[in-house]
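We number each residue from 1, following the sequence as shown. Values below: all heavy atoms of this structure, side chains included; hydrogens, waters and symmetry mates excluded.
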Amino acid sequence: VQLQASGGGLVQAGESLRLSCAASGRAFSNGGMGWFRQDSGKAREIVAAITWSGRNTYYAELAKGRFTISRDNAKNTVYLQMNSLKPEDTAVYYCAATPYKLGYLESSYIYWGQGTLVTVSS
């Protein structure tokens with residue numbers, strides 16, 4: 001399985017970005033997907049997760065009310081819509097795949113994308 005994250009860039013505070021994660025190869029047929037982020041010098045943290053069906057989602061406190069995770073299984077793609085971005089959202093964002101229905105922990109994710117950098121200026 002290969003995961004390719006894209007959509008990062010430089011934006012100003014208050015603006016929006018949509019990240020995409022395209023999956024190729026044999027993936028977990030019923031597994032969930034997640035977005036994580038890591039700022040330099042900090043531990044990687046979960047941002048949001050979604051089940052295979054898309055009916056169930058999980059958001060970290062940092063994402064609630066601002067970010068939306070979604071997926072299009074026909075396109076093997078997961079999205080993260082990020083609105084009202086803040087400078088503290090600056091990080092490398094990673095997508096990942098888990099064999100579990102919904103993964104809350106980094107350790108439950110097996111496959112990882114290469115990351116896409118999001119920089120939010122004040």
Side-chain angles (χ1 to χ4, degrees):
V1 175
Q2 289 187 328
L3 303 176
Q4 181 72 38
S6 61
L10 173 63
V11 297
Q12 292 186 334
E15 294 184 339
S16 300
L17 276 176
R18 188 176 81 155
L19 306 183
S20 299
C21 176
S24 60
R26 184 179 178 84
F28 304 115
S29 59
N30 294 315
M33 296 287 292
W35 284 98
F36 291 76
R37 73 184 189 184
Q38 185 172 26
D39 194 8
S40 58
K42 298 182 180 179
R44 189 155 54 186
E45 58 184 349
I46 189 168
V47 176
I50 189 168
T51 55
W52 183 87
S53 67
R55 286 194 290 268
N56 298 96
T57 56
Y58 166 81
Y59 293 95
E61 284 299 320
L62 64 92
K64 288 181 179 178
R66 299 190 300 130
F67 296 178
T68 303
I69 189 171
S70 61
R71 67 190 296 168
D72 184 341
N73 289 335
K75 297 181 179 180
N76 289 330
T77 302
V78 178
Y79 305 97
L80 183 68
Q81 177 67 43
M82 304 187 295
N83 299 328
S84 302
L85 283 163
K86 305 173 182 179
E88 51 263 43
D89 293 318
T90 295
V92 176
Y93 285 71
Y94 299 89
C95 61
T98 175
Y100 300 102
K101 182 178 181 180
L102 191 64
Y104 304 99
L105 301 177
E106 181 178 347
S107 58
S108 68
Y109 287 81
I110 307 299
Y111 297 106
W112 292 83
Q114 86 289 358
T116 185
L117 176 62
V118 173
T119 304
V120 184
S121 63
S122 57

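Remark: side-chain polar atoms of R44 are not paired, donor with acceptor, to backbone N or O of Q38 under 3.5 angstrom. Of the possible polar contacts, none joining the T57 side chain to the A49 backbone as a donor-acceptor pair under 3.5 Å is found. Using a distance-only test at 3.5 Å, with no hydrogens or angles considered, a donor-acceptor pair links the side chain of T51 to the main chain of N56. Between the T90 side chain and the T119 main chain, no donor and acceptor come within less than 3.5 Å of each other.
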Q) Checking side chain to side chain donor-acceptor pair (under 3.5 Å) for the pair S16/N83: CA distance, chi angles, key distance, verdict? A) CA-CA 4 Å; S16 300; N83 299 328; 2.9 Å; yes
(Q) What verdict does the side-chain contact (heavy atoms from CB on, under 4.5 Å) test give for Y58 and I69, after you've listed the backbone C-alpha separation in whole Å, the side-chain angles of each residue and the deciding distance to 0.1 Å? (A) CA-CA 9 Å; Y58 166 81; I69 189 171; over 6 Å; no
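A distance of 9.0 Å separates CG of D39 from OH of Y93, quoted to the nearest 0.5 Å. Atom CG of L19 sits about 8.0 Å away from atom OG of S6, to the nearest 0.5 Å. Distance check, rounded to the nearest 0.5 Å: CH2 of W52 to CG of L102 gives 15.0 Å. The CD atom of E15 sits 8.5 Å away from the CG atom of L10 when rounded to the nearest 0.5 Å. A distance of 5.5 Å separates CG in L80 from CE in M82, rounded to the nearest 0.5 Å. The distance from atom SG of C21 to atom CD of Q4, rounded to the nearest 0.5 Å, is 8.5 Å.
A ring pair (Phe, Tyr, Trp, His ring centres under 6.0 Å) with F36 is found for exactly one of Y104, Y94, Y109, namely Y109.
Cluster annotation: Y59 is connected to V47 through the hydrophobic network of ILVMFWY side chains, with a link wherever side-chain heavy atoms come within less than 4.5 Å. M33 is connected to V118 through a chain of hydrophobic side-chain contacts under 4.5 Å among Ile, Leu, Val, Met, Phe, Trp and Tyr, so both are in one cluster. A chain of hydrophobic side-chain contacts below 4.5 Å, direct or via other Ile, Leu, Val, Met, Phe, Trp or Tyr residues, connects L17 to L62.
In terms of heavy atoms, P87 sits closest to S122 at CG-CB, 3.8 Å. L3 and A23 get closest at one heavy-atom pair: CD2-CB, 3.5 Å. I110 approaches P99 most closely through the heavy-atom pair CG1-CD, 3.5 Å. Across every non-hydrogen atom of R37 and D89, the tightest pair is NH1-OD1, 2.8 Å. The minimum heavy-atom distance between W35 and S20, with the atom names listed, is CH2-O, 3.6 Å. The shortest non-hydrogen separation linking L85 to R66 is CA-NH1, 3.9 Å.
Residue Q2 qualifies as open at atom CD: its count of foreign heavy atoms under 6.0 Å is 12 or below.
Using a 4.5 Å heavy-atom cutoff, the side chains of T116 and V92 are not in contact.
Side chain to side chain, Y79 and R18 fail the donor-acceptor criterion of an N or O pair below 3.5 Å.
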